[in-house]
Amino acid sequence: MITIEKIARLREQMKRLNLAAFIIPSSDPHLSEYVAPHWKSREWLSGFTGSAGTIVITSHKAGLWTDSRYYIQAEKQIQGSGIELHKEGLPATPTIPEYLIRELQPNEIAGIDGSLFSVNAVRSMQTALSKYGIKLHTKHDPLKEIWKDRPGAPTNKAYIYPTKYAGKSCSEKLILIREELRRNEVDALLTSALDEICWTLNLRGSDVKHTPVFICNLIITQQSAHLFIDPAKRSKEVDDYLIESQIHIHDYDSIHNFLNTLQADNLQFDPSKTNYNLYSHLPSSCQTNEKESPIALLKAVRNTEEIKGIHHAMIKDGIALVKFLHWLEQAVPTGKETEVSIDQKLYEYRASQELFIDRSFDTIAGYKENAAIVHYSATQESDTLLQSKGFLLLDSGAQYFDGTTDITRTIALGELTDEEKRDYTLVLKGHIALSLAKFPSGTRGAQLDVLARMPLWQNNMNFLHGTGHGVGHFLSVHEGPQSIRMNENPVVLLPGMILSNEPGVYKKDSHGIRTENLMLVVEDAEGLFGTYLKFETLTLCPICTQGIIKELLTREEIIWLNQYHQTVYSTLSPYLDEKEVLWLKDKTHEI
């Protein structure tokens, strides 16, 4: 079936269920950013393959809401489908409730699958729609009847993540979590966030592409801990490990009954990370404490072994990237390389490194105008031949057993326009400004975001994605609770947190530029009114100097770049062959 036919079938099911609208998000029951194929309903229905987006189907209209990373991609992928694109983040774009209020009549019903929406999201929709007499029903999934070849839920095996990489045992982590629960005066914690559960239990899996997690739920009380997992995912080794760690094992589908009979006076859960169907099974006798899980912050502050591991991972990643960039410079002039072929070559270089497991996300290799699509992913149809001119934007990362990496480099393949050089230099200025930041303890990411944007703002440009996100430890490449972005986030930056630094500029049908390193928050010094913090750059890879207009850089920015390149050279050169060392020396010489 093509998209138009799928939507027609869905409308038939909606009519049978007396639904005037149906809303399909991109999430799974754990509200994950990246999901297993079984839950890619929005992608199956609309044809839009981006990781974020929500589709709304009414009896006569269809709309797709997505953020700035996917404006261009979504526009192309839904063309001719009858779906209208709504660009989130723009003043003229209605929210989904605003759209439904405009399209539906009082007493009509909008339907959702409540297992795919957070408690907060459902409450927000209910509040907005009820003012206009529109009802929201949360227990519908009409796609069951029309998605005939739907992939099954994943059944891959979970496996143990050794303490020598995790830094703390499962038992030690449970002690820390229970201390936080006592501080919050609650008896139990419910979490369904897969990264939180995997971190707590020192287990990993392969249910989600490029993200080493497995589908499960977890309840922790002061006396016990309960893991809800499909029996097919368990091995004797994992069962023995869980029993030794005093974790009770339950079937995945039994959590609703367990919650119905939970003996706890007070339960803590995060309403932004818990699906509405789970919440609806909480016993009325149980008081709830709705706040972010303590695991999120505990996980975000890396311990000594985790920090040691990410340093090792960055050296390996840097070696692979230098070998790749050296190869790329020679390969492009042959006229045989494309966006897809270079991705495979980079994978080969990374795969040869010790403890490599997988990519950390689908590589974004965008040449020239393709790079203006923020989260572009080359396909057989879009795959573009690289030429000795213009920019290649390469955003990639790896999962090593001792750390997760994420790096973007914009590489000049040859002649550049004055506009490309200027944009590249302005992005670099913003990147350096954030790298150099020193700030008092208690600072939030939103307070630093302006540093990365100011050079662009001064030239009437901006980017709409976040400047920095947290990164997991052999877990999700995008993790909170910390961030650096324009939107306010109350989480303060703490020593041990890792964030990305990735300002960019994207010009449709022309070019895209982004420079990204990962940074570790570290203590700087004691000063007036307290402790001051700074960033330690972790990523080790040369920044292309061919696109730089040196006159636009300050003396301080030039010093930072030269010192960074000296660190890259001195750290990586012992691991390279003679030709690669000479190449790296040339790419890291002082400007």
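As the structure is a computational prediction, the values presented were derived from the model and not from experiment.
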| Taking side chain as C-beta onward, heavy atoms only, is Ser396 less than 4.5 Å from Ile407? | yes
| query | Quick one: does Ile373's side chain get under 4.5 Å of Lys76's, heavy atoms only? | reply | yes
| said: In terms of relative ring orientation, are Tyr161 and Phe401 parallel, tilted or perpendicular, with 30° and 60° separating the classes? | reply: perpendicular
| Electrostatic pair Asp402:Lys316 at N-O distance under 4.0 angstrom | yes
| Ion pair check, Arg485 and Asp449, cut-off under 4.0 Å | no
| With a 4.5 Å limit on heavy-atom distance, are the side chains of Glu526 and Tyr532 in contact? | no
| query | Would Arg204 count as a cation-pi partner of Phe474, with NZ or CZ less than 6.0 Å from the six-membered ring centre and within 45° of the ring normal? | reply | no
| query | Can Lys323 and Glu580 be counted as an ion pair, charged N to O under 4.0 angstrom? | reply | yes
| Whether Tyr564 and Trp560 hold their rings parallel, tilted or perpendicular, with breakpoints at 30° and 60° | parallel
| Pairs touching residues 565-574 that satisfy side chain to side chain donor-acceptor pair (under 3.5 Å), sequence neighbours left out | none
| said: Do the side chains of Glu523 and Lys534 get close enough for a salt bridge, i.e. N-O under 4.0 angstrom? | reply: no
| query | Between Phe356 and Tyr347, is the ring centre distance below 6.0 Å? | reply | yes
| task | Answer yes or no: is there an ion pair linking Lys507 with Glu419, defined by an N-O contact shorter than 4.0 Å? | result | yes
| note | The single option from Thr338, Leu386, Val332 that satisfies side chain to side chain contact (heavy atoms under 4.5 Å, CB included) with Tyr367 is Leu386
| field | Any donor-acceptor N/O pair, Glu329 side chain to His326 backbone, under 3.5 Å | value | no
